[in-house]
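Every heavy atom of this structure was used, including side-chain atoms; hydrogens, water molecules and symmetry mates were not. Everything numeric here is computed off the predicted structure, so don't read it as measured data. Naming: A, B, ... by sequence-line order, numbering from 1 per chain.
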Amino acid sequence: MPELPEVEVVRRGLVEHVLGRVVDSVEVHHPRAVRRHLAGPEDLATQLLGARLVSADRRGKYLWLQVDDTTRGTRAVVVHLGMSGQLRVQRVGAPDEKHLRIRLRLRNDAGAVTELRFVDQRTFGGWVVDALELVEGSLLPRTVSHIARDPLDVAFDADRVVAAMRRKRTEVKRALLDQTLASGIGNIYADEALWRAQLHGRRPTDKLTRTQAHRVLESAAAVMTEALAAGGTSFDALYVNVNGDSGYFARSLAAYGQADRPCSRCGDRIIRESFMNRSSFSCPRCQPAPRARKA
DNA sequence: CAAGGCTCCTGATAGC
DNA sequence: TGCTATCAGGAGCCTT
């Protein structure tokens with residue numbers, strides 16, 4: 001499941017392998033991959049053809065390539081990997097992947113052509129071409145304008161996020177997953193952050209102390225920074241890699257997916273609980289559940 | 001308006 | 001063996 005660190009690894013790969021190239025062709029192989037581009041696949045293709053990829057940016061789990069051409073101005077192609085999306089840089093003629101959804105042919109100034117492919121088994125991901133607009137000092141595609149800064153953003157304002165979190169009447173895990181509060185955190189890093197901060201995900205946010213709220217956000221930033229350090233070192237040149245399995249740092253997870261294994265802090269047994277139609281993992285001793293649950 | 005639930009999708013795996 | 005049920009989950013959209 002690509003969360004912030006995995007998406008950042010992809011962004012860095014794009015900087016290295018595709019920036020500066022010009023779009024030669026666009027093929028959309030599955031309509032769901034462009035369902036958020038309301039003007040349709042042909043329009044998406046038209047908007048990209050002939051344009052040069054000039055930068056690769058990210059906020060939370062969203063990533064975008066800014067495209068520029070002298071006659072039509074500046075836009076961005078926004079990519080969300082969803083659950084299973086991958087971006088791959090491939091040579092022309094490499095066999096199509098089973099779940100190939102979009103193919104771009106990209107030409108550099110020397111005339112060499114490579115392909116950028118979007119491969120996405122579960123089709124939760126997708127592309128949109130969007131205008132850019134200024135939101136609180138950042139140039140963002142319209143699709144991303146409602147997404148909050150992520151904890152690794154230099155302008156992330158922890159005090160403000162803590163205040164907003166404590167004003168809400170919700171549970172802390174829900175708040176961590178709310179991309180309009182702080183972005184980039186998904187189910188895996190939410191559980192890891194809660195484990196580090198020694199908080200149960202069902203704790204009500206309006207009852208957290210400022211210190212507790214700060215601690216869980218700092219923990220999220222720390223665990224994502226560590227994951228990025230581990231994942232960012234091992235991607236293949238042919239592969240603007242991400243596979244959502246977080247393979248290279250999965251072994252360092254303390255809570256997520258660790259049901260029945262001992263907590264590395266206290267030795268108690270990690271438990272799995274159902275939450276929002278998915279799973280939460282926590283240590284029952286380090287992260288005691290709140291006793292009363294009020295609506 | 002805020003909060004919470006539903007739904008999209010495919011493949012792996014468990015269970016009978 | 002082969003079928004069906006369950007699970008994985010990001011985020012837009014709908015309901016309350």
On DNA chain C, check which nucleotide each of A:Arg122 and A:Gln179 is closest to and give me the residue with the more 5' one. A:Arg122
Where each residue is assigned the nucleotide of DNA chain C containing its nearest heavy atom, which of A:Asn277 and A:Ile185 is assigned the position nearer the 5′ end? A:Asn277
Within this structure, what is the [atom1]-to-[atom2] distance between [X] and [N], rounded to whole angstrom?
X	N	atom1	atom2	answer
A:Arg101	B:dC9	CZ	P	11 Å
A:Glu3	C:dA8	CD	P	14 Å
A:Gln121	B:dT10	CD	P	9 Å
A:Glu97	B:dT10	CD	P	17 Å
A:Glu171	B:dA2	CD	P	18 Å
A:Leu177	C:dG10	CG	C1'	9 Å
A:Asp120	C:dG9	CG	P	16 Å
A:Arg36	C:dG12	CZ	P	6 Å

Would you kindly say whether A:Ser138 and A:Arg149 are connected by a side-chain donor-acceptor distance under 3.5 Å? yes
Modelled atom types, side-chain donor and acceptor of A:Glu97 and A:Gln86, under 3.5 Å: no
Is the distance from OP1 or OP2 of [N] to the nearest side-chain N or O of [X] less than 4.0 Å?
X	N	value
A:Lys168	B:dA3	yes
A:His99	B:dC9	no
A:Arg35	C:dG12	no
A:Ser84	B:dG11	no
A:Arg272	C:dA8	yes
A:Tyr189	C:dG10	no
A:Ser279	C:dA8	yes
A:Lys98	B:dG11	yes

Verify the cluster assignment for A:Leu14 and A:Val78: are they in a single hydrophobic cluster under the rule of side-chain heavy atoms below 4.5 Å apart?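 In one cluster: no.
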side-chain contact (heavy atoms from CB on, under 4.5 Å) with A:Glu27: which residues, sequence neighbours excluded?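 Partners of A:Glu27 by the side-chain contact (heavy atoms from CB on, under 4.5 Å) criterion, ordered by chain and then number, come out as A:His29, A:Arg103, A:Arg105.
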Sequence neighbours left out, cut at 3.5 Å: what donor-acceptor pairs do the side chains of residues 213-224 of chain A make with other protein atoms?
from, atom 1, to, atom 2, distance (Å)
A:His214, NE2, A:Asp159, OD1, 3.1
A:Ser219, OG, A:Arg215, O, 2.7

How would you label the contact of [X] with the nucleic acid (heavy atoms, under 4.0 Å): base, sugar-phosphate, or nothing?
X	result
A:Arg32	sugar-phosphate
A:Phe275	nothing
A:His146	sugar-phosphate
A:Arg167	nothing

Step-by-step side chain to side chain contact (heavy atoms under 4.5 Å, CB included) determination, A:Asp96 to A:Arg117: CA-CA 9 Å; A:Asp96 287 2; A:Arg117 301 183 182 184; 4.1 Å; yes
Nearest to the A:Met83 side chain among B:dG4, C:dA8, B:dG11, which nucleotide is it? C:dA8
Global bending angle along the helix from B:dA2-C:dT16 to B:dC16-C:dG2, which compares the axes of five pairs at either end, to 10 degrees: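 For the helix from B:dA2-C:dT16 to B:dC16-C:dG2, the axes at either end differ by 60°.
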With rounding to the nearest 0.5 angstrom, report the CG to CG distance, A:Asp191 to A:Leu253. 9.5 Å
Which class fits the ring pair A:His146 and A:Tyr62: parallel under 30°, tilted 30 to 60°, perpendicular over 60°? perpendicular
